[in-house]
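To start, the structure under review is shown below, and the notes come after it.
The figures that follow rest on heavy atoms only: side chains count, while hydrogens, waters and symmetry mates do not. Note on naming: letters A, B, ... go to the chains in the order of the sequence lines (proteins, then strands), and numbering restarts at 1 for each one.
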Amino acid sequence: MGLLQRTKVCGELRSCNAGDEVVLNGWAHRVRDLGGVMFVDLRDRSGLVQLVLDPSAFPNRAEIRSETCLAVTGKVRERAEETKNPKMETGDVEVVVTGYTVLGPSKTLPFPLNDEDQMVNVNEDLRIKYRYLDLRRPSMYRRLAIRSSLINRIRRHMEEQGFIEVETPIITKSTPEGARDYLVPYRLEPGKFYALPQSPQQYKQLLMVAGIERYFQIAKCFRDESQRADRQPEFTQLDLEMSFVVQEDVLQLTEGMLRDVLNAVIGQFGLDKDPVETFERLTFDESMHLYGCDKPDLRFGLQLFDASDAFADSEFGVFRNAVESGGVIRGVRYPGGAGLSRKEVGQLEEFAREFGAKGLATLAFESENDVKGSIAKFVSADKAAELRKLSGAEPGDLLCMVADDYATANNVLYRLRLEIGERCGLRNPRELKFCWVVDFPLVEWDAEAGRWSPTHHPFTSPKEEDLVYLDSDPGRIRADCYDVVCNGTEMASGSIRIHRTDIQARIFKLLGIDEKTQQDRFGHILEAFSFGAPPHGGIAPGIDRLAMALTDTENIREVIAFPKVGNGYDPLMDAPSTVDAQQWAELGLRLSK
RNA sequence: GCGGGUGUAGCUCAGCGGUUUAGAGCGCCGGCCUGUCACGCCGGAGGCCGCGGGUUCAAAUCCCGUCAUCCGCGCCA
């Protein structure tokens, strides 16, 4: 007997189908055997519908258990009014079963699939080990469907804008700058390795030399670095590159694409999100000054304030010394924080210390002119008024201040601002607040290595007007480099690239990459640029992170079908795994132990 | 590499200022039940308390180590 194939899907059945003879395929989501009558909620990807079985007709009905895969024939019936279930989409009807076939019996499950409340706490490694079960949950299916729609709409939008998708190699060349590479041994010449791409960066620039002009790719990228809640060893980016453009062109195209696509997905799935609006723009310097970081969460204000001048002549030695030695006094306002207990303020200070603060000075505005807190005795009434003006503090607020070098103070206050925003519930969960951060510095000083290192990558174009600082003050050179930030998370990063070999040579020199290294690592691309390279630039938005933002998930694993756990291990496939002796031999490898 | 959390029944958790037989809910097995929709009722099985060592008359509980996992720092051009 062949497969009894469905004529309807579970989730589509309504009162108007009453009387229809139907065949359904799906899984037993819940089973309720009352003795004289048995109910089964049958689930397929469209939803649930209730089956009714007459026990006398089905003596083997006990074989229908949770997650048994079934083919069912039956007749749709409108339920009696008092037995309708308004909580179910299909709750007005039920299917009276005339026959069924068990397509696939199921063992007892390792965790319950029919209780989303309990599922939120199930061990992640267990969920991932049994991902094929985990993905049966409607909430997981929905996330994958949202991701699919996101990717499809991106592809459509990009093609409409004249881009073509080009696949670039997964097995390619190691580039030791930046993240650690995943390496693949080369069988024919032991000791040589391919690498998996950290991004298709060099290929897409070669495609510009190749005259493709508008390239994109839904690209898998690989980085062998330690994970976070929003970082996996392999992830997906919309990689794109354009020729004959300036920074503004890339910004316009990217913003238009993201807004169109995200708003369409929000509409299609009825997501709990307000439409994405025009992106704000901040320079890197502004962002650092106002928010202490290059990825500000703009869902709330609480901009940092700078009280260095106010405390330059302070009686408070710590502050005065900090300013005298070139540091800063910066702070953030904690709305309503004046009411915090001594212990709670201590916890805030502890929090600040974790990120490098030497201490946390606090000043509570109990009322208009009544200040308390760790530095209150050094703050005159005039100073208090000045601070109130600087910080925007109102009665009941607490000011948290840090004296340190600019970078450390910013880092501490960046984290503290987010913490305060969280505690005060200032984030609107419906909001996807996008912004551009532009004008990043080209290079930053790597104290450990004792040299300049690229903020983005070595092909990033410096702003022409800043090239005058190349020899005198490289840290002052700004780049045509830009990030998309949403709700405090970096969503995309891009730049205009260097297409002139003379400028590229000067940048390599600045970065301390000598002639030989240039040839070994980048010879192919440098030569390519000598054959009429067009000006070009691009960007790469992270698909996983966009999917996270849309689905309100805190963890990247929730939007990836088959993720790895924290140490890069895959409990489902049991990878990485050992390989047999012959494979070692073929690759000319042995363990040095 | 570092810091913090967690690890007890198939799942989620309680117990952890040492003590007799380690508990609950869900699930599972058996029985009853004709309108449930987290069905209900009765009964039952199920535990190297992550692993190793130590302290103690006595350890799930205290100490040390170790492994796994989660979150974060470093790292992620």
Side-chain angles (χ1 to χ4, degrees), chain A residues 29-42 48-56 62 65-67 77 79-88 90-91 94 96 106-130 133-134 175-181 198-199 201-202 221-233 235 350-351 353-356 411 415 419 440 442-444 446 448-449 451-460 479 481 490 493 495 507 511 513 521-522 542 554-555 557 564-567 569 571:
Chain A
H29 189 66
R30 275 203 188 91
V31 179
R32 295 179 294 279
D33 189 347
L34 273 60
V37 60
M38 179 178 179
F39 300 101
V40 175
D41 292 337
L42 190 71
L48 295 168
V49 71
Q50 174 167 284
L51 309 178
V52 192
L53 289 85
D54 175 3
S56 59
R65 299 145 43 89
S66 245
E67 295 306 312
R77 172 170 81 187
R79 298 198 201 179
E81 205 57 43
E82 67 276 13
T83 63
K84 287 184 176 177
N85 183 352
K87 286 187 283 188
M88 254 176 127
T90 61
E94 58 194 3
V96 181
S106 178
K107 294 199 296 184
T108 299
L109 301 169
F111 47 77
L113 298 186
N114 54 20
D115 186 343
E116 291 275 354
D117 289 342
Q118 242 195 64
M119 277 305 296
V120 298
N121 290 322
V122 171
N123 257 333
E124 279 236 41
D125 52 337
L126 198 67
R127 283 178 57 200
I128 293 170
K129 181 174 178 184
Y130 294 97
L133 296 177
D134 192 37
T175 51
E177 291 80 18
R180 196 176 294 113
D181 286 321
Q198 298 175 26
S199 86
Q201 182 63 34
Q202 294 191 34
C221 304
F222 306 86
R223 292 179 189 172
D224 185 5
E225 293 294 345
S226 97
Q227 293 182 219
R228 291 288 185 279
D230 60 354
R231 271 167 32 191
Q232 278 273 301
F235 59 98
E350 191 48 44
F351 179 89
R353 284 183 194 275
E354 281 173 37
F355 297 101
N411 185 43
R415 317 269 183 175
E419 176 71 13
F440 277 77
L442 181 72
V443 292
E444 53 200 355
D446 181 343
E448 204 176 313
R451 60 184 168 87
W452 294 100
S453 72
T455 304
H456 189 46
H457 58 58
F459 310 112
T460 301
C481 184
E490 181 192 312
S493 195
S495 64
I507 299 301
L511 298 173
I513 301 174
R521 289 183 195 168
F522 311 117
E554 299 282 309
N555 197 295
R557 289 183 295 266
K564 311 273 189 287
V565 297
N567 52 11
Y569 181 69

Checklist entry - Given the C1' atoms of B:A45 and B:G27, what is the spacing between them in whole Å? => result 13 Å
Item to check | Span that lies between the P atom of B:U61 and that of B:A22, in whole angstrom | outcome: 15 Å
Collect all protein-nucleotide pairs involving nucleotides 38-45 of chain B in which both atoms are nitrogen or oxygen and the distance is under 3.5 Å.
unit_1: B:C39; atom_1: OP2; unit_2: A:R32; atom_2: NH1; d: 3.2
unit_1: B:C39; atom_1: N4; unit_2: A:D33; atom_2: O; d: 2.8

Next on the checklist: Mind checking if A:R127 touches a base, just sugar-phosphate, or nothing, with heavy atoms under 4.0 Å?
Outcome noted: nothing
Checklist entry - Is A:R353 side chain donor-acceptor paired with the B:G3 base, going by distance under 3.5 Å alone? => result no
Checklist entry - Which comes earlier along RNA chain B counting from the 5' end, the contact point of A:N567 or that of A:S199, where each point is its nearest nucleotide? => result A:N567
Next on the checklist: Once hydrogens and angles are ignored, does a donor-acceptor distance under 3.5 Å link the base of B:G35 to the side chain of A:E94?
Outcome noted: yes
Next on the checklist: Roughly how many Å apart are B:A9 and B:G44, using the C1' atom of each and rounding to a whole number?
Outcome noted: 14 Å
Every protein N/O within reach of nucleotides 10-12 of chain B N/O, cut-off under 3.5 Å:
unit_1: B:G10; atom_1: O2'; unit_2: A:P110; atom_2: O; d: 2.9
unit_1: B:C11; atom_1: O4'; unit_2: A:P110; atom_2: O; d: 3.4
unit_1: B:U12; atom_1: OP1; unit_2: A:N123; atom_2: N; d: 2.8

Next on the checklist: Measuring only the P atom in each nucleotide, how far is B:G25 from B:G1? A whole number of Å is fine.
Outcome noted: 44 Å
Checklist entry - Is a donor-acceptor contact shorter than 3.5 angstrom present between the side chain of A:R79 and the base of B:C37? => result yes
Checklist entry - How would you label the contact of A:R521 with the nucleic acid (heavy atoms, under 4.0 Å): base, sugar-phosphate, or nothing? => result nothing
Next on the checklist: Taking the basic N atoms (NZ, or NE/NH1/NH2) and the acidic carboxylate oxygens, is any pair closer than 4.0 Å for A:E225 and A:R231?
Outcome noted: no
Checklist entry - Which residues pass the side-chain contact (heavy atoms from CB on, under 4.5 Å) test with A:V96, sequence neighbours left out? => result A:R77
Item to check | Whole-Å P distance, B:G52 and B:C67 | outcome: 15 Å
Next on the checklist: Under 4.0 Å, counting only non-hydrogen atoms across every strand here, what does A:S453 touch: a base, just sugar-phosphate, or nothing?
Outcome noted: nothing
Item to check | Nucleotide paired to B:C62 in any strand shown, Watson-Crick or G-U, under 3.5 Å | outcome: B:G54
Checklist entry - With A:L126, which residues qualify under side-chain contact (heavy atoms from CB on, under 4.5 Å), at least two apart? => result A:F111, A:V122, A:N123, A:Y130
Checklist outcome for this item: Ranking B:C75, B:G35, B:C28 by distance to the side chain of A:R77, first place goes to B:G35
Checklist outcome for this item: On a heavy-atom basis, the closest approach of A:P55 and A:G36 is CD-O, 3.3 Å
Item to check | Separation of the P atoms in B:U55 and B:U69, to the nearest angstrom | outcome: 32 Å
Next on the checklist: Does a side-chain N or O of A:R231 approach OP1 or OP2 of B:C73 to a distance below 4.0 Å, or not?
Outcome noted: no
Next on the checklist: Under 4.0 Å, counting only non-hydrogen atoms across every strand here, what does A:T455 touch: a base, just sugar-phosphate, or nothing?
Outcome noted: sugar-phosphate
Item to check | A:N114 CG to B:C28 P, straight-line distance once rounded to whole Å | outcome: 9 Å
Item to check | Under-4.0 Å side-chain N/O to phosphate OP1/OP2 contact, A:N411 with B:C73 | outcome: no
Next on the checklist: Without decimals, in angstroms, what is the distance between A:Q198 CD and B:C75 C1'?
Outcome noted: 12 Å
Item to check | With sequence neighbours excluded, residues passing ring-ring contact (aromatic ring centres under 6.0 Å, His included) with A:Y569 | outcome: none
Next on the checklist: Would you measure the distance from the C1' atom in B:G18 across to the matching atom in B:G40 and give it in whole Å?
Outcome noted: 42 Å
Item to check | Contacts of type side-chain hydrogen bond (donor to acceptor under 3.5 Å, both in side chains), residue A:Q227, not counting sequence neighbours | outcome: none
Item to check | Base-pairing mate for B:U6 - Watson-Crick or G-U, with both contacts under 3.5 Å | outcome: B:A68
Item to check | C1'-based separation of B:U6 from B:C32 [nearest Å] | outcome: 42 Å
Next on the checklist: Which nucleotide, if any, forms a Watson-Crick or G-U wobble pair with B:U21, using both distances under 3.5 Å?
Outcome noted: none
Checklist entry - With A:S66, which residues qualify under side-chain contact (heavy atoms from CB on, under 4.5 Å), at least two apart? => result A:L109, A:N114
Next on the checklist: Suppose we screen for side-chain hydrogen bond (donor to acceptor under 3.5 Å, both in side chains). Which residues come up paired with A:R451, at least two apart in sequence or across chains?
Outcome noted: none
Next on the checklist: Under 3.5 Å, is there a donor on one side chain and an acceptor on the other for A:T108 and A:R65?
Outcome noted: yes
Checklist entry - Distance check: side-chain N/O of A:R415 vs OP1/OP2 of B:C73, anything under 4.0 Å? => result yes
Next on the checklist: Just to be sure I understand the rule, does A:R451 reach a base, reach only the sugar-phosphate, or reach nothing, if contact means heavy atoms closer than 4.0 Å?
Outcome noted: nothing
Checklist outcome for this item: Shortest non-hydrogen pair, A:V40 vs A:L53, comes out as CG2-CD1, 4.0 Å
Checklist outcome for this item: Here the distance between atom C1' of B:C76 and atom CD of A:E444, to the nearest Å, is 12 Å
Checklist entry - Under the side-chain contact (heavy atoms from CB on, under 4.5 Å) test, which residues partner A:D181, sequence neighbours left out? => result A:S174, A:T175, A:L183, A:A195, A:Q198
